[in-house]
Protein chains: 2
Amino acid sequence: MRKPTIQDVARQAGVGVGTVSRVLNNHAAVKGVTRETVLKAIADLDYTPNPHARRIAGGKSYTISVLLPVLTTEFYVRLLDGLEHAFQEARYDVAIFPLLDRSRLERYLRSHTLAYQADGLVMATYNLTQLLTERQVRTQQPTVLVDAHAEDSDCAYMDNVTGGRMAGEYAVTLPGNLHAIWVETELDQLFTTRVFEERRAGFMEAVQAGGRQVKAEYTSSFDTLAARNVATALLDGAEFPCTVFASADLLAGVLLDEVQARGLTPGKDVYVIGFDDQPWAAARGLTTLHQPVEQMGYEGAQLLLTRLSGHRGPPRARRFEPRLVVRTSA
Amino acid sequence: MRKPTIQDVARQAGVGVGTVSRVLNNHAAVKGVTRETVLKAIADLDYTPNPHARRIAGGKSYTISVLLPVLTTEFYVRLLDGLEHAFQEARYDVAIFPLLDRSRLERYLRSHTLAYQADGLVMATYNLTQLLTERQVRTQQPTVLVDAHAEDSDCAYMDNVTGGRMAGEYAVTLPGNLHAIWVETELDQLFTTRVFEERRAGFMEAVQAGGRQVKAEYTSSFDTLAARNVATALLDGAEFPCTVFASADLLAGVLLDEVQARGLTPGKDVYVIGFDDQPWAAARGLTTLHQPVEQMGYEGAQLLLTRLSGHRGPPRARRFEPRLVVRTSA
DNA sequence: TTGTAGGCGTTATCAA
DNA sequence: TTGATAACGCCTACAA
């Protein structure tokens, strides 16, 4: 059976195709009753507009390309949720480009996606604008940075300095020496993020402002094995009670394991503050910083959408702040 | 500046649009000279066909949806490489749907992508056909399973039983007691894979055939921390020399760490066989099983492409075998 | 072997 | 506020 077209809907509703199209696109100038009739016809026929026809008639692709790092963590799932939510409301499709390494980026640049399949670009975490211009990629599409910050483009970013500061301000109220574990992001210079330096800057500032100092700092790469080695070293060299800021929940979780394995009690012998509020954090009672990631995605998308509907003007930045969630671990 | 269209190319080349279209689509009936002229015009104008116009004219989407689990591992990067390679040759676009959880699957099912944006479906690792039919999703698109096996659909799969057997056949030639580490895939019943049971079946069979037996079996979840705990337990309870089959390189890598941390020598005190041949495996001298993943993706794509060009007939299965790569660890 | 014309399902424009 | 109709860029007959 043939898919119903806009013609079928128009016939069924007893109106012209123009009217149907207007209803579809929320073009205000449709009388209430007519709109209802059309909507009913659409429902009756189970009509879905053909996006390809729309694209060619409209001269736009109604598609947004989202470039993001490997989807390993909860973070990007949530980010994508926010982005897709906003774009779907506006009847835009989302094309996901998982950027695993340079070669996949190359492929993306070569594909016709950029030329035809994207009215706009979302770049998450990594700011690749420089690369694109260097390559003389004719990407005059509006672009928004999400989870990254830059002066010269629209962006929605998490204020990690403030996040670090919040952790610090809370940490100085807790007993014992202060320790911190940072993440070393050992990446290609192209794929680089300053998230953890920023968290550190905020944390150190707050600690200093509180008249305290950090007894020992550790650095771990972003995997559980390295995290466990660091946790071991930290606990070996600590006196209890003490307080630890683990700048990512991954690290905090491993630390919690190690603490418990030694018969110590989180929130009593070792006060642990994490960062991220991963799904398991509540269950484990981890005090941590919750980031409004979906919101950041949603707002970032809105920034792009306004550009797409013609907004001019200087780059805008939307700043988001994490929120301290106090549980039993600290 | 307006993008050049097929009309522009035709004018420039002094031919009709039909001819240009034929050249674009390799419709044999074009004289050599004419083809050259057209090709030159295309190059001169830097013309790229508008895929959306093509889709509406052709009544097809020229897009394949690829449903795959989270892109965490090298495995899926390589799989995607193979798939994209094949589809690009055939001028198909690939839409990636990272299936992180049920809710994202739901969203995918609801989007118009299925209805309009996919001439075919690739499902990697997870066989979701049942779910789709249950949901009465009108997915009459040809579907191919990749890295999964089923009687009732085309599929390209890795023969993990044989892989396990290869590991077993080699392991029985090595000194000391035999140990094995399996992966526990604790997943939603929807997202389920039998990969590791299969590797185990093959391994056990070969060991038995070799008149040997496995001294101890361990199970780890798929993360480095769990892997390390298992490695520790295993080494604590082993006599040296011994031989260990770690059914995923992730596990093998952690085991190697632990072996070396204890001052033992891989390939002398502890013989380690992995599975996957991750990028780092060569550098660490890990003996492991290399899987022709790109090939599997490529062939799977071909299966789908033949269906798309009208092939009828019973489901076809393409089987792929891993290959033992002997290095210094065993 | 090639050119011409009609059609794909929308959106946009113009009258009415 | 609406309906008719011309684009949009391509593919595919069909005719030459």
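None of these values were measured; they are calculated from a predicted model. Every chain is numbered from 1, with letters handed out A, B, ... down the list of sequences.
OP1 or OP2 of C:dT2 has not a single side-chain nitrogen or oxygen of B:Thr19 nearer than 4.0 Å.
With hydrogens and angles disregarded, a donor-acceptor distance shorter than 3.5 Å links the side chain of A:Arg78 to the backbone of A:Gln291. Not one N or O on the side chain of B:Ser65 forms a donor-acceptor pair closer than 3.5 Å with the backbone of B:Ala118.
Side-chain atoms of B:Tyr298 and B:Glu84 include no donor-acceptor pair closer than 3.5 Å.
Geometrically, A:Arg91 does not engage A:Tyr62 in a cation-pi contact, judged by NZ or CZ lying under 6.0 Å from the ring centre and within 45° of the ring axis.
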query = Do B:Ser153 and B:Thr143 pass the side-chain contact (heavy atoms from CB on, under 4.5 Å) test, and can you show the C-alpha distance, the side-chain angles, and the key distance before you say yes or no?
reply = CA-CA 7 Å; B:Ser153 45; B:Thr143 298; 5.6 Å; no
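Atom-to-atom, CZ of A:Arg11 to P of D:dA4 comes out at 12 Å; the value is rounded to the nearest Å. The separation between B:Lys60 atom NZ and C:dG7 atom P is 22 Å, rounded to whole Å.
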Sugar-phosphate or base contact per nucleotide [nucleotides 8-16 of chain C; S, B, -; heavy atom under 4.0 Å] = BBBSBB---
